[in-house]
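Source: prediction; values computed, not measured. Letters go in sequence order (proteins before strands), and every chain restarts at 1. All values below come from the heavy atoms of this structure, side chains included, with hydrogens, waters and symmetry mates left out.
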There are 2 protein chains.
Amino acid sequence: MTLTQLRFLVAIADAGLNITLAAERVHATQPGLSKQLKQLEDELGFQLFTRKGKSLETITHAGGHVLERARTILAEAANIRSIAANLRNEARGDLRIATTHTQARFVLTDAIAALSRIYPQVSVHLQPGRENDALALLDGGQVDMAIVSTSGTPPPAGIALPAYRWNRVVLAPDTHPLAKLPRELSLDDLAAQPLISYDSSQKPESSLRRAFDAAGLLPQIAITAGDADLIKTYVRAGLGIGILAEMALLPRDTGDLRALPADHLFARCTTWIVLRRESVLREYVLEFIERFAPHLDRRDITRAMAAGTHIAEGVAVPHWRERQLADDGVAAA
Amino acid sequence: MTLTQLRFLVAIADAGLNITLAAERVHATQPGLSKQLKQLEDELGFQLFTRKGKSLETITHAGGHVLERARTILAEAANIRSIAANLRNEARGDLRIATTHTQARFVLTDAIAALSRIYPQVSVHLQPGRENDALALLDGGQVDMAIVSTSGTPPPAGIALPAYRWNRVVLAPDTHPLAKLPRELSLDDLAAQPLISYDSSQKPESSLRRAFDAAGLLPQIAITAGDADLIKTYVRAGLGIGILAEMALLPRDTGDLRALPADHLFARCTTWIVLRRESVLREYVLEFIERFAPHLDRRDITRAMAAGTHIAEGVAVPHWRERQLADDGVAAA
DNA sequence: CGCGTTTACGTCGTTCGTAACGATA
DNA sequence: TATCGTTACGAACGACGTAAACGCG
């Protein structure tokens, strides 16, 4: 058994059992991987994959267990390398973040810009996807951190650090009757309109859905999109009323759209930075977290990692707007 | 970085930084280890050990972290091999148990005998020591399980499965006044005598010490020994009254010694089987546990391992004497 | 002078890439 | 026929063991 063999194994698994694809990803030749896989199977004495003809078909049950162990072995090997890189103040490296489109597009930009100013040699890889995908990538060791949002409790896996809180806003065309409503918006107002929101609002456990359920209302979600830009586009086209995260608002949106606060209608959400419990963080990762969530102290983070528990309690988590103000303050200073 | 390099690293650490000794233990030559260590240090870019002249002096701070990671890597590699060995019904293997002398000498014998009858090719290694040593060995991956006793809560680390409960007994020479006491033994009776007990009874948190403390008494512990046989020897020599675990009583001891129950004087103790949370158990390990603690079901064990929690609650844990009866019943059947 | 580590060197095994072959859709 | 995996072969690298040199107590 070799680290190389295990690396090839997970590469094959991550490439969807396509050995050729896996080979390019690890910068090796395809026969090399084939052979190493065969040797590993010979040594262990059982098939890691079921074959259909010559192609790999599925992972064996036992193979899945081996794969899991191989992943943690490789993660720990990477940790050792991180220890070394931190010690020598190595400035190069990768920062792989799995997150949603909203975070990547509207929230992370400043912190990433700051990071690549301080560490120009660090390349940032953003892996957009659903919340669950992000957590799965984190657990599989494919990314260094996941940045996800929940309403209420932190995500179940890993070390979750609260980054900030935010509310939803309702977005209507300037010309729409709702945009000039003389009173506060109500859930009934919204239930009467075709709505446009994120894909995730389809799920029954979404805080959007729960708010309507609690009021005994059945909203008509006309269009869902994974992407705030798409939502805005459809709102502009007059196809419905948008409900989205307040971070997704841009100054120029106020030209033809009207954003109505919805704090009183939907549960407040929290965005979390989720880290692998066992991972050794590179210096620039800590730097990034501090830039992104300035209320988190370096020591808080390392302490939470050591204790293996998230630090939801006992940390004052700023709201999105306060956070924006704080950022401005920093920029002005 | 190679698995071999990491194996050599932990071998060197476990050999007390003596490369020559480490080399014999891993069945390799000393220059080989030296060279691999050097290569690893070169690759990581820092010293894993501080040198004094040519000899290794201490482990670097960062080296300690690397060592820790290396240990889990090797443990996971061993897990992969265990998966393979289980799958091919491999009958050979090692069972390394860290435990106290009392367990090894008086309690484990039957289960080990049964195991080596069923799996003659499995070699059992008993590692005697204190409770804390046993848990440290378990945590370092040097042993497969620890078998330790506590009064009350399970040991903090690993998966703890309750094996059985037991009480202390007081041991006096047949001729001693205490042996013919017409009434029940009291703590005052004991406090008036020179006592002979285990080394661990010196510790303030021992249940022995706590019982006397609670009664406001200061016992005179005249002799301590790590070993029940020694305690008996000194009791026979008339040097004091013995206090030891009821398991340590043998039928032939009743010839010249008198055992007095002490259930009402000292807190009941529990003996735990402690496993590493992440370890894959070989078939024969499950077999051993079932033999040793028949009230534990194979499924209970795997479930507890998967859940990562001990199963202290919800399991009826037999008392030592009931357990003995049950064993007899099995033997008779 | 013994113990332990490092350095030097030769041999062996292994890995890796190129190329040809085979199977499958 | 195109795609993907296996087998074959040769070159280069790396690991390992033996032998000798070096430092230290």
Side-chain angles (χ1 to χ4, degrees), chain A residues 1-60 63 66-67 70 73-74 77 80-81 84, chain B residues 1-60 63 66-67 70 73-74 77 80-81 84:
Chain A
M1 186 173 359
T2 328
L3 282 180
T4 314
Q5 289 171 346
L6 300 179
R7 213 178 72 238
F8 288 179
L9 170 64
V10 319
I12 291 173
D14 287 346
L17 278 52
N18 180 332
I19 299 186
T20 308
L21 177 57
E24 337 188 315
R25 291 204 188 152
V26 300
H27 305 105
T29 61
Q30 180 273 326
L33 270 76
S34 263
K35 195 166 191 178
Q36 292 299 323
L37 175 61
K38 189 178 180 51
Q39 283 192 10
L40 182 57
E41 287 182 325
D42 285 351
E43 180 181 338
L44 296 181
F46 66 94
Q47 301 275 103
L48 292 166
F49 299 97
T50 59
R51 315 298 215 271
K52 181 177 176 183
K54 291 196 164 185
S55 297
L56 306 185
E57 192 65 4
T58 59
I59 304 188
T60 306
V66 172
L67 183 64
I73 287 178
L74 294 181
I80 290 178
R81 278 184 262 267
Chain B
M1 186 172 359
T2 326
L3 282 180
T4 314
Q5 289 172 347
L6 300 179
R7 213 177 73 237
F8 288 179
L9 170 64
V10 319
I12 291 172
D14 287 346
L17 277 53
N18 180 331
I19 300 186
T20 308
L21 177 56
E24 335 187 319
R25 291 204 187 153
V26 299
H27 306 105
T29 62
Q30 180 273 326
L33 269 76
S34 262
K35 194 165 193 180
Q36 292 300 322
L37 175 61
K38 189 178 181 51
Q39 283 194 8
L40 182 58
E41 287 181 326
D42 285 351
E43 179 180 339
L44 296 181
F46 66 94
Q47 301 274 103
L48 293 166
F49 299 96
T50 59
R51 315 303 216 265
K52 181 178 177 183
K54 292 196 165 185
S55 298
L56 306 185
E57 192 66 2
T58 60
I59 304 188
T60 306
V66 172
L67 183 64
I73 288 178
L74 294 181
I80 290 179
R81 277 185 263 267

Strand-adjacent residues in residues 38-51 of chain B, judged by heavy atoms under 4.0 Å from DNA chain C: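 Per residue number, the list reads Lys38(B), Arg51(B).
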
Just the table, please: protein N/O against nucleotides 18-25 of chain D N/O, every pair under 3.5 Å.
{"unit_1": "dC22(D)", "atom_1": "O2", "unit_2": "Lys54(B)", "atom_2": "NZ", "d": "3.4"}

In this structure, how many angstroms lie between the [atom2] atom of [N] and the [atom1] atom of [X], rounded?
X: Leu56(B); N: dG4(C); atom1: CG; atom2: P; result: 12 Å
X: Gln36(B); N: dG17(D); atom1: CD; atom2: C1'; result: 13 Å
X: Met1(B); N: dG14(D); atom1: CE; atom2: P; result: 16 Å
X: Glu24(B); N: dG17(D); atom1: CD; atom2: C1'; result: 15 Å
X: His27(A); N: dC16(C); atom1: NE2; atom2: C1'; result: 16 Å
X: Leu37(A); N: dC16(C); atom1: CG; atom2: P; result: 14 Å
X: Lys35(B); N: dG17(D); atom1: NZ; atom2: P; result: 12 Å

Determine the minimum heavy-atom distance between [X] and [Y], stating which atoms define it.
X: Ile80(B); Y: Ala70(A); result: CD1-N, 4.2 Å
X: Leu44(A); Y: Ala84(B); result: O-CB, 3.2 Å
X: Leu3(B); Y: Leu74(B); result: O-CD2, 4.2 Å

Examine the side chains of Thr20(A) and Glu24(A) and answer whether a donor and an acceptor come within less than 3.5 Å of each other.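 Short answer, no.
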
Please list residues of residues 3-23 of chain A whose heavy atoms come under 4.0 Å from any atom in DNA chain D, ordered by number; otherwise none. Leu17(A), Asn18(A), Ile19(A), Thr20(A)

Are the side chains of Met1(A) and Leu6(A) in contact, using a 4.5 Å heavy-atom criterion?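 Side-chain contact under 4.5 Å: yes.
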
Tell me, do Arg51(A) and Leu56(A) make a side-chain contact under 4.5 Å, heavy atoms counted?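 In contact.
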
Before you tell me yes or no, could you show the steps for Phe8(B) and Val26(B) under side chain to side chain contact (heavy atoms under 4.5 Å, CB included), namely the whole-Å CA-CA distance, both residues' side-chain angles and the distance that decides it to 0.1 Å? CA-CA 8 Å; Phe8(B) 288 179; Val26(B) 299; 3.9 Å; yes

Distance check, rounded to the nearest 0.5 Å: [X] atom [atom1] versus [Y] atom [atom2]?
X: Leu40(A); Y: Gln47(A); atom1: CG; atom2: CD; answer: 11.0 Å
X: Thr4(A); Y: Leu33(A); atom1: OG1; atom2: CG; answer: 10.0 Å
X: Asp14(B); Y: Leu9(B); atom1: CG; atom2: CG; answer: 9.5 Å

How do Ser55(A) and Ser55(B) order along DNA chain C: which one's closest nucleotide is nearer the 5' end? Ser55(B)

I need the single residue from Arg7(B), Gln5(B), Glu41(B) that forms a side-chain hydrogen bond (donor to acceptor under 3.5 Å, both in side chains) with Gln36(B). Which is it? Gln5(B)

